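Notes for the one structure printed next.
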Amino acid sequence: MKAKVLSAWEKVEIARNSKRKTSLDYIEEIFDNFIELHGDRAFKDDKAIVCGLGKIENQNYTIIAEQKGRTTKENIERNFGMPNPESYRKAIRFMKQAEKFNRPVITFIDTKGAYPGIGAEERGQGEAIAKSMFEMAKLKVPVIAIVIGEGSSGGALAIGVANKVFMLGNAIYSILSPEGYSSILWKDSSRYKEAAEKMKLTAKDLYELKVIEKIIKEPEGEDEEVFKTIANKLKKEIKTAISQMKKMSKEEICEERYQKFRNIK
């Protein structure tokens, strides 16, 4: 039986589904001995981004992941997966640590955007996002970004400057939400479904535009076996990509990342 072809908006709804697996679910399935690290050493530990260390076989990794909650309590604790500036400053801190100890960096993208609150703006939200992208561009270790759900706005782009960008088949990745796009472009937020089609935010669209390198197909269903299948595919792709990049010099790794983003049309 042929699988149903989903519209762009249907994929937005799947990516936003509160039952969808989160970054920590993937981290626990893919990596061994995950140890979470905390704080930006300037303000506080913002739980919208989780940072830590993990292993796949004998290879150590630094992991940076946007984390949503499932219950109301978890979402309040995680700020609904919308990072504050201290989240990005925490991420920068551990990116630099990864470079010092020659550990590849793996990021998991899943956010509706950086938190737009007054406090976040007062503490330099825009600068923190820009600094994160700037520092990622310079890293001399391999970086892989994985879009697992909703990847929207600067909140997603801030940890997306990678040598390789992988994306789950039902995830989305864009500069803002379809509702925001339609409100700005047409002054009519009700045209969000039309906006989703125009924005080219699906994995297929972004692969054709060469924004991402790999689509990880998602089998139908939401049970644990389906999740483990997806996680195992991701694990294999991470191992393959890192094995290839290990043959490159630090300068070549940095240059490859630079040229990747320079050449996106």
Side-chain angles (χ1 to χ4, degrees), residues 1-30 47-50 65-83 87 107-116 145-153 155-157 159-160 165-183 189-207 212 214-235 237:
M1 186 175 176
K2 195 172 181 181
K4 178 189 174 185
V5 177
L6 299 172
S7 69
W9 179 251
E10 286 173 321
K11 293 207 171 188
V12 172
E13 290 183 309
I14 292 171
R16 291 175 175 175
N17 191 324
S18 61
K19 294 180 181 178
R20 192 170 174 84
K21 294 295 185 180
T22 67
S23 294
L24 281 174
D25 293 323
Y26 282 102
I27 290 168
E28 288 168 8
E29 186 66 30
I30 293 170
K47 294 185 178 181
I49 285 185
V50 172
E66 289 163 333
Q67 177 65 23
K68 294 178 178 178
R70 283 209 174 87
T71 65
T72 301
K73 183 180 178 181
E74 286 176 358
N75 268 316
I76 291 169
E77 183 182 16
R78 300 283 181 187
N79 204 36
F80 292 82
M82 294 186 289
S87 259
T107 73
F108 289 86
I109 296 171
D110 187 20
T111 183
K112 62 181 69 176
Y115 185 60
I146 305 167
V147 187
I148 63 167
E150 186 178 13
S152 292
S153 193
L157 299 174
I159 59 169
V165 181
F166 302 155
M167 191 168 169
L168 299 192
N170 292 326
I172 60 169
Y173 194 31
S174 62
I175 57 166
L176 79 170
S177 68
E179 295 91 339
Y181 181 99
S182 60
S183 294
S189 62
S190 68
R191 294 172 67 180
Y192 54 85
K193 292 184 180 180
E194 182 183 352
E197 297 293 340
K198 298 276 187 186
M199 291 173 72
K200 305 293 184 186
L201 46 64
T202 68
K204 180 177 180 292
D205 291 327
L206 293 164
Y207 182 77
I212 66 171
K214 185 78 65 174
I215 300 172
I216 310 299
K217 292 183 179 179
E218 298 185 57
E220 290 186 20
E222 295 180 356
D223 60 29
E224 284 301 308
E225 286 305 311
V226 169
F227 164 63
K228 288 184 177 181
T229 298
I230 297 167
N232 283 332
K233 285 181 185 177
L234 274 175
K235 189 172 185 175
E237 293 295 344

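Everything numeric here is computed off the predicted structure, so don't read it as measured data. Atoms considered below: every heavy atom in the structure, side chains included; atoms not considered: hydrogens, waters and symmetry mates.
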Please report the C-alpha distance between I14 and L6 in whole Å, then the side-chain angles of each, then the deciding distance to 0.1 Å, and finally whether the side chain to side chain contact (heavy atoms under 4.5 Å, CB included) criterion is met.
-> CA-CA 10 Å; I14 292 171; L6 299 172; 3.5 Å; yes

Before giving the answer on side chain to side chain contact (heavy atoms under 4.5 Å, CB included), spell out for L234 and E237 the whole-Å C-alpha distance, their side-chain angles and the decisive distance to 0.1 Å.
-> CA-CA 5 Å; L234 274 175; E237 293 295 344; 5.5 Å; no

Step-by-step side chain to side chain contact (heavy atoms under 4.5 Å, CB included) determination, F108 to I27 | CA-CA 9 Å; F108 289 86; I27 290 168; 3.9 Å; yes

Could you please spell out the steps behind the side chain to side chain contact (heavy atoms under 4.5 Å, CB included) verdict for N170 and E218?
-> CA-CA 7 Å; N170 292 326; E218 298 185 57; 3.2 Å; yes

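Taking the side chain as every heavy atom from C-beta outward, Q67 and D110 never approach each other to under 4.5 Å. Counting only heavy atoms from C-beta outward, the side chains of S23 and V50 never approach each other to under 4.5 Å. Looking only at side-chain heavy atoms (C-beta outward), L201 and P178 come within less than 4.5 Å of each other. Looking at heavy atoms from C-beta onward, L157 lies in side-chain contact with Y173 at the 4.5 angstrom threshold. Using a 4.5 Å heavy-atom threshold, the side chains of S153 and K112 count as separate.
Sorted by first and then second residue, the pairs that involve residues 224-234 and meet side-chain hydrogen bond (donor to acceptor under 3.5 Å, both in side chains), not counting sequence neighbours, are K21-E224.
A search for salt bridge (Lys or Arg N to Asp or Glu O under 4.0 Å) contacts involving E197 returns nothing, not counting sequence neighbours. With sequence neighbours left out, the salt bridge (Lys or Arg N to Asp or Glu O under 4.0 Å) criterion links K204 to E208.
Note that the CD1 atom of I30 and the CD atom of E28 stand 11.0 Å from one another [nearest 0.5 Å]. Here the CD1-CE distance, from I175 to M199, works out to 6.0 Å after rounding to the nearest 0.5 Å. Taken to the nearest 0.5 Å, the CD atom of E220 stands 12.5 Å off from the NZ atom of K217. In this structure, the separation between OG on S152 and CE on M82 is 11.5 Å, given to the nearest 0.5 Å. The CD1 atom of I172 sits 10.5 Å away from atom CD of E13, with the distance rounded to the nearest 0.5 Å. How far OG of S18 is from NZ of K68: 9.5 Å, rounded to the nearest 0.5 Å.
Between the side chain of K11 and the main chain of G169, a donor-acceptor pair closer than 3.5 Å is present. A donor-acceptor pair under 3.5 Å links the side-chain atoms of T107 to the main chain of I159, judged by distance alone. Checked by atom type and distance alone, the side chain of R20 pairs as donor or acceptor with a backbone atom of I148 at under 3.5 Å. Here the side chain of N17 pairs a donor or acceptor atom with the backbone of K19 at under 3.5 angstrom. Between the side chain of E74 and the backbone N or O of G69 there is no donor-acceptor pair closer than 3.5 Å. Of the possible polar contacts, one joining the R78 side chain to the K47 backbone as a donor-acceptor pair under 3.5 Å is found.
The closest side-chain donor-acceptor pair between N75 and T72, if any, does not fall under 3.5 angstrom.
The shortest non-hydrogen separation linking A195 to S182 is CB-CB, 4.0 Å. Residues K200 and D205 share a closest heavy-atom pair of CA-OD2, 3.3 Å. Taking both residues in full, the closest heavy atoms of P83 and T111 are given as CD-OG1, 3.7 Å, listed atom of the first, atom of the second, then distance. Heavy-atom minimum distance, G160 versus I109: CA-CD1, 3.9 Å. For the residue pair L176 and Y181, the shortest heavy atom distance occurs at CD1-N, 3.5 Å. Nearest approach of A203 to L168, heavy atoms of both residues: CB-O, 3.8 Å.
Ion pairing of R16 with E179 is present here, as a side-chain N (NZ or NE/NH1/NH2) and a carboxylate O approach within less than 4.0 Å.
Aromatic pair F227/Y26: centroids less than 6.0 angstrom apart.
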